[in-house]
Amino acid sequence: MILHEFHCTQCGRQFEEMVSTGEETVRCPACDSEEVKRLLCAVKRTGGNADPDALGSACAPSGGFS
Ligand SMILES: [Zn+2]
């Protein structure tokens, strides 16, 4: 289980949630919205490789990192 930090795009609340795989649906505790962004995740270093997605965001919005 890894503690992730999320930001709700609906109401702006930030909250932490324990998730095991990152594939689970996370809901905002305040407004029950599924429209949340993950702020922190397992660190993935690109080592200088040009990866636009990795550079633009440390976390894949769809939880593509495994
Ligand atoms: Zn919310």
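In listed order, ligands and their atoms are each counted from 1.
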What distance separates [X] [atom1] from [Y] [atom2], expressed to the nearest 0.5 Å?
{"X": "Gln10", "Y": "Arg27", "atom1": "CD", "atom2": "CZ", "result": "12.0 Å"}
{"X": "Glu17", "Y": "Phe6", "atom1": "CD", "atom2": "CZ", "result": "6.5 Å"}
{"X": "Cys8", "Y": "Lys37", "atom1": "SG", "atom2": "NZ", "result": "11.5 Å"}

Next item on the list: Mind checking side chain to side chain donor-acceptor pair (under 3.5 Å) for Gln14 and listing every partner two or more places apart, or none if nothing turns up?
Entry: none
Notebook entry, point to check: How about Val36 and Thr9: do any of their side-chain heavy atoms sit closer than 4.5 Å?
Noted result: no
Next item on the list: Show all protein N/O/S atoms under 2.8 Å from the Zn ion (ligand 1), or state that there are none.
Entry: Cys8 SG, Cys11 SG, Cys28 SG, Cys31 SG
Next item on the list: Show your working on side-chain contact (heavy atoms from CB on, under 4.5 Å) between Ser33 and Cys11 and close with a plain yes or no.
Entry: CA-CA 9 Å; Ser33 171; Cys11 70; over 6 Å; no
